[in-house]
Amino acid sequence: MGTPFLITIATMALLSSLAIASDPSPLQDFCVAINDPKNAVFVNGKICKDPKVVNANDFFFQGLNVPRNTANRQGSNVTAVNVNNLAGLNTLGVSLARLDFAPYGLNPPHTHPRATEVLFVLEGTLNVGFVTSNPPNNMKNQLFTKTLNPGDVFVFPEGLIHFQFNVAKTNAVAFAGFGSQNPGVITIANAVFGSDPLISADVLAKAFQVDKKVIDLLEAQFLK
Ligand SMILES: *[C@@H]1O[C@H](CO)[C@@H](O)[C@H](O)[C@H]1NC(C)=O
């Protein structure tokens with residue numbers, strides 16, 4: 001390696017470090033500014049523990065080997081391990097989840113507003129997919145889909161709507177990694193038809209181009 005090459009590398013490194021100077025990404029849905037620290041809850045993430053009292057258990061979580069109960073309407077159960085139950089993840093930009101599926105169980109269409117997801121199938125057969133954001137010129141939102149078997153890995157890009165569906169008559173188990181300590185989840189049907197308070201049926205009838213009765217029926221599925 002000649003000196004000009006090293007200078008080029010050093011210059012590129014310097015430029016790239018300059019190019020990323022910007023505000024940090026949000027680590028939760030919002031963080032409203034407050035003057036009185038008495039009522040302050042977090043600082044774009046969580047407050048840090050004094051390193052002098054940190055111990056190994058702050059970086060530890062157990063039990064992700066245990067199958068979860070999937071006896072619910074969707075036939076699936078997601079166990080998230082993120083900064084909310086593994087405090088050592090704070091500021092580190094990663095987290096994970098275990099996904100259990102009953103036969104024909106579904107992890108319904110949802111997005112993670114703050115993270116890309118990489119999914120690994122341990123057991124079973126999952127049909128998965130994600131849809132691209134609105135393209136220009138009224139082109140269609142494109143679905144990328146695949147049927148996954150044990151050992152297969154699939155990536156769901158940050159923020160895009162995706163799903164995982166167990167298409168077999170056996171249980172399925174998968175693990176997912178996320179590029180955020182707190183990826184967040186927006187389950188589309190729940191957010192649109194099950195919000196509190198409800199979005200006006202006029203808005204949804206017009207958005208979905210259906211009669212208000214159809215909206216009432218959909219909203220009724222989410223009433224507690
Ligand atoms: C997921 O499984 C756990 C443990 O098996 C259970 O306590 C929890 O209620 C389940 N969640 C759903 C949504 O079924």
Side-chain angles (χ1 to χ4, degrees), residues 9-10 12-72 74 76-101 107-108 110-123 151 153-160 162 164 171-187 190-191 194-196 224:
I9 294 292
M12 282 166 63
L14 182 64
L15 285 175
S16 65
S17 70
L18 291 176
I20 56 165
S22 69
D23 287 352
S25 301
L27 296 176
Q28 66 283 307
D29 280 0
F30 46 72
C31 181
V32 178
I34 190 169
N35 286 327
D36 181 359
K38 185 165 63 69
N39 292 322
V41 181
F42 46 67
V43 191
N44 196 22
K46 308 278 185 185
I47 294 163
C48 305
K49 192 173 180 178
D50 184 342
K52 288 199 285 292
V53 295
V54 166
N55 62 67
N57 282 332
D58 291 320
F59 304 99
F60 177 71
F61 182 96
Q62 62 184 341
L64 220 52
N65 58 323
V66 179
R68 267 42 180 195
N69 184 351
T70 54
N72 54 55
Q74 301 289 352
S76 71
N77 194 325
V78 178
T79 309
V81 181
N82 56 41
V83 71
N84 300 308
N85 53 8
L86 178 46
L89 286 173
N90 195 31
T91 75
L92 297 182
V94 295
S95 60
L96 75 157
R98 175 189 171 109
L99 296 83
D100 287 278
F101 298 85
N107 187 14
H110 63 279
T111 89
H112 303 290
R114 290 176 290 277
T116 289
E117 170 176 351
V118 54
L119 183 89
F120 160 70
V121 178
L122 181 68
E123 281 172 29
V153 170
F154 199 79
V155 175
F156 305 97
E158 179 167 340
L160 301 187
H162 60 282
Q164 295 106 10
N171 290 340
V173 182
F175 289 85
F178 299 93
S180 168
Q181 66 179 40
N182 186 23
V185 186
I186 301 169
T187 305
N190 303 54
S195 65
D196 183 13
K224 313 275 149 21

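- Of all non-hydrogen atoms in T111 and G159, the two that sit nearest each other are CB-O, 3.5 Å.
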Item to complete: I would like to know whether N171 and V173 meet side chain to side chain contact (heavy atoms under 4.5 Å, CB included); could you show each step before the answer?
Response: CA-CA 7 Å; N171 290 340; V173 182; 5.5 Å; no
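- Side chain of T70 to backbone of N77: no donor-acceptor contact under 3.5 angstrom is found.
- Under a 3.5 Å cut-off, the side chain of R98 and the backbone N or O of L64 do form a donor-acceptor pair.
- Under the 3.5 Å distance criterion, the side-chain polar atoms of N182 are matched with a main-chain donor or acceptor of L27.
- With values rounded to the nearest 0.5 angstrom, F61 atom CZ is found 7.5 Å from T79 atom OG1.
- Between K49 and V53 the shortest heavy-atom distance is CE-O, 3.7 Å.
- Closest heavy-atom contact between S180 and S95: O-OG, 2.7 Å.
- Between H112 and H162, the angle of the ring planes lies from 30° to 60°, which puts this pair in the tilted group.
- Smallest separation of non-hydrogen atoms from E117 and H110: OE1-NE2, 4.4 Å.
- Looking only at distances, a side-chain donor or acceptor of Q28 sits under 3.5 Å from a matching main-chain atom of G45.
- Using a 4.5 Å cut-off on side-chain heavy atoms (C-beta onward), L119 and L99 make contact.
- In this structure, the side chains of F154 and V121 stay at 4.5 Å or more apart for every pair of heavy atoms.
- The shortest distance between side-chain heavy atoms of K46 and N84 falls below 4.5 Å.
- Put simply, CZ on F175 and CG on L122 are 6.0 Å apart, with the number rounded to the nearest 0.5 Å.
- A donor-acceptor pair under 3.5 Å links the side-chain atoms of D100 to the main chain of R68, judged by distance alone.
- What you find for V81 and N85 is that their closest heavy atoms are CA-OD1, 3.4 Å.
- In the model, N82 has no side-chain atom that pairs as donor or acceptor with a side-chain atom of Q181 under 3.5 Å.
- The heavy-atom pair separating F101 from S76 by the smallest distance is CD2-CB, 4.0 Å.
- Checked by atom type and distance alone, the side chain of D58 pairs as donor or acceptor with a backbone atom of N55 at under 3.5 Å.
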